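In what follows, a single structure is set out as structure tokens and then discussed.
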Amino acid sequence: MSKVYFVPWKQNTDMVGKFKKALKNSNILDNINKGDKVAVKVHVGEYKNTSHVHPLYIKELVSMLLEKGSEPFLTDTTSYYCGNRFTAVGMIKNAFYHGFSYANIGAPFIVLDGLGNGEGFPVKVSEPLNEIYVPELFKEIDKMIVFSHCKGHALASFGGSIKNVAMGCVTKKSKLAMHKFVNFCYDETLCDGCDACTEMCDREIPKIKNGKRILSLEKREDCMHCPGCMEACTKGAVKLSELEKLQHVLPIAVEGIFKILGKENVTSINWGANIVEFCDCMPFPGSRIKDNIGIYLSKDIVAIDKAFLDDAEKNTFMFDGRPDPEIQMLQGERIGIGKLEYERIVL
Ligand code: SF4
Ligand code: SF4
């Protein structure tokens, strides 16, 4: 049975200090050796997002990794959709604005997928994804610590450690491939031609014709399934469908990353605080849907997400037609990336 260390959240207490103690009192950093190149996979948040993991927690982790004589660096991949994090330069600026600077943290921020256009190398994975494209830098990494913010997600329902690795450790090509598992449906009877979706789409795919939305034929292939137009439509005319398919492919992408790094070399930390409706890719991530719960540490990527979800209750994330987030974990155990059963150790 996998161990999940848990630090319960208590208001008006030094949670950063408690986290530091948990790093010392758990075994999750036992495999970090002198000279190891350790990637700390973070999400620095889209520009102006304030719900992402606070950099002070990352700083404590980095201090501990430095004490062990390893060479930690913060990292993430560029986004596949337009925005501040689309290029490496934009992403590094964003990291700096949000406090993930060398001066604050004590480790550099290195973008995983080069300047942001690298295709990466293919890795065979299970059906129906079949292959993922992984940044070249993974060939030089010894260990990875996945530091995830637990929150809602418009497509994946819930984002934790599995989601962070699946979408955050592959190149743009695979991010798009995974998003294309989700479909959109459009109910013309609900559309009043308000234009909100056309303004939202950077790729100029939706158009208004005779007071209704149409999709420009020549650009349809460029659709990134992002899903900006769905979020912009307050009339409910644009909806997502087949979201379960994305839940199924996320753990499959993790399978590919584990093939490269070795499952035993990946450790997860889940920050169960600022639990909001939308992910850190959104500048304005919506309302809080749950009070702060605590911080989780584990060497099992499935067990850690399951432990958080058990505490947060999966129904919390199943609103607006969002599917059962536990699918990610069930699929994860089925393909062998981790275990659903865990032993909780409260620190
Ligand atoms: S935002 Fe919705 S209601 Fe407005 S034009 Fe687009 S589909 Fe129609
Ligand atoms: S999902 Fe909507 S906003 Fe996103 S690229 Fe496609 S048409 Fe544009």
Side-chain angles (χ1 to χ4, degrees), residues 43 45-49 76-87 90-91 94 113 116-117 119 128-129 133 151-159 163 166-168 170-250 253 276-286 317 319-323:
H43 191 313
E46 186 54 70
Y47 183 46
K48 293 186 179 171
N49 172 293
D76 196 3
T77 49
T78 56
S79 64
Y80 81 102
Y81 48 81
C82 305
N84 279 29
R85 296 172 302 110
F86 186 72
T87 66
M91 176 161 252
N94 230 48
D113 52 333
N117 290 319
E119 184 175 279
L129 195 53
Y133 281 79
K151 70 279 156 184
H153 192 281
L155 299 181
S157 190
F158 157 70
K163 170 76 176 50
M167 207 57 84
V170 295
T171 62
K172 285 180 167 67
K173 184 174 172 141
S174 286
K175 287 175 201 253
L176 182 56
M178 280 189 270
H179 279 86
K180 289 223 165 178
F181 277 89
V182 170
N183 273 327
F184 284 85
C185 44
Y186 168 57
D187 185 344
E188 191 185 279
T189 60
L190 297 174
C191 176
D192 63 5
C194 72
D195 222 13
C197 55
T198 64
E199 280 173 25
M200 172 60 80
C201 183
D202 295 321
R203 306 214 151 198
E204 300 178 347
I205 297 167
K207 304 269 178 215
I208 303 299
K209 194 172 175 192
N210 301 328
K212 297 286 179 188
R213 164 185 151 127
I214 56 159
L215 298 182
S216 88
L217 267 181
E218 70 279 11
K219 289 190 168 179
R220 225 180 258 193
E221 274 303 300
D222 292 344
C223 177
M224 307 189 87
H225 293 219
C226 58
C229 55
M230 185 276 295
E231 279 156 14
C233 183
T234 53
K235 318 297 173 340
V238 186
K239 289 214 171 86
L240 298 165
S241 65
E242 301 183 74
L243 286 166
E244 292 79 5
K245 286 187 179 171
L246 179 64
Q247 304 265 19
H248 278 106
V249 297
L250 290 172
V276 285
E277 288 174 277
F278 297 106
C279 64
D280 300 349
C281 299
M282 307 288 285
F284 312 112
F317 301 97
F319 56 92
D320 288 348
R322 295 183 186 186

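Not measured: the values here are computed from a predicted model. Numbering of ligands and ligand atoms starts at 1, following listing order.
With Met230, Lys235, Lys212 as candidates, the residue nearest to atom 3 (S) of ligand 1 on a non-hydrogen basis is Lys235.
Across all their heavy atoms, Val182 and His225 have their closest contact at O-ND1, 2.7 Å.
Side chain to side chain, Thr78 and Asp113 meet the donor-acceptor criterion of an N or O pair below 3.5 Å.
Every atom of ligand 1 is numbered from 1 in the order shown, and the set under 4.0 Å from a heavy atom of Asp195 is 4 (Fe), 5 (S). Near Val238, with a cut-off below 4.0 Å to any heavy atom, the atoms of ligand 1 are 7 (S). Ligand 1 places these atoms under 4.0 Å from at least one heavy atom of Arg213: 7 (S). For ligand 2, the atoms lying closer than 4.0 Å to a non-hydrogen atom of Met224 are 5 (S), 6 (Fe). Ligand 1 places these atoms under 4.0 Å from at least one heavy atom of Cys233: 1 (S), 2 (Fe), 3 (S), 7 (S). Those atoms of ligand 1 that come under 4.0 Å of a heavy atom in Ile208, given as number and element, are 5 (S).
With salt bridges taken as basic N to acidic carboxylate O contacts below 4.0 Å, none links Lys212 and Glu188.
Ligand 2 has at least one atom lying under 4.0 Å from a heavy atom of His225.
Expressed to the nearest 0.5 Å, how far SG of Cys226 lies from CG of Leu176 amounts to 10.5 Å. Rounded to the nearest 0.5 Å, atoms CE (Met282) and CD (Glu277) are 9.5 Å apart. The line from NZ of Lys151 to NZ of Lys163 is 6.5 Å long, rounded to the nearest 0.5 Å.
Counted within 6.0 Å of NZ on Lys207, heavy atoms from surrounding residues, nucleotides or ligands total more than 12; the atom is thus considered enclosed. Summarising the local packing, CZ of Phe284 is surrounded by 12 or fewer heavy atoms from other residues, nucleotides or ligands at distances under 6.0 Å.
Taking backbone and side-chain atoms together, Cys197 has no N/O/S atom less than 2.8 Å away from atom 4 (Fe) of ligand 1. Within the coordination shell of atom 8 (Fe) of ligand 1, defined by N, O or S atoms under 2.8 Å, Cys194 is absent.
Neither the backbone nor the side chain of Tyr81 has any atom closer than 4.0 Å to an atom of ligand 2 (non-hydrogen atoms only).
Summary of contacts: the protein heavy atom closest to atom 8 (Fe) of ligand 1 is Cys191 SG, 2.4 Å.
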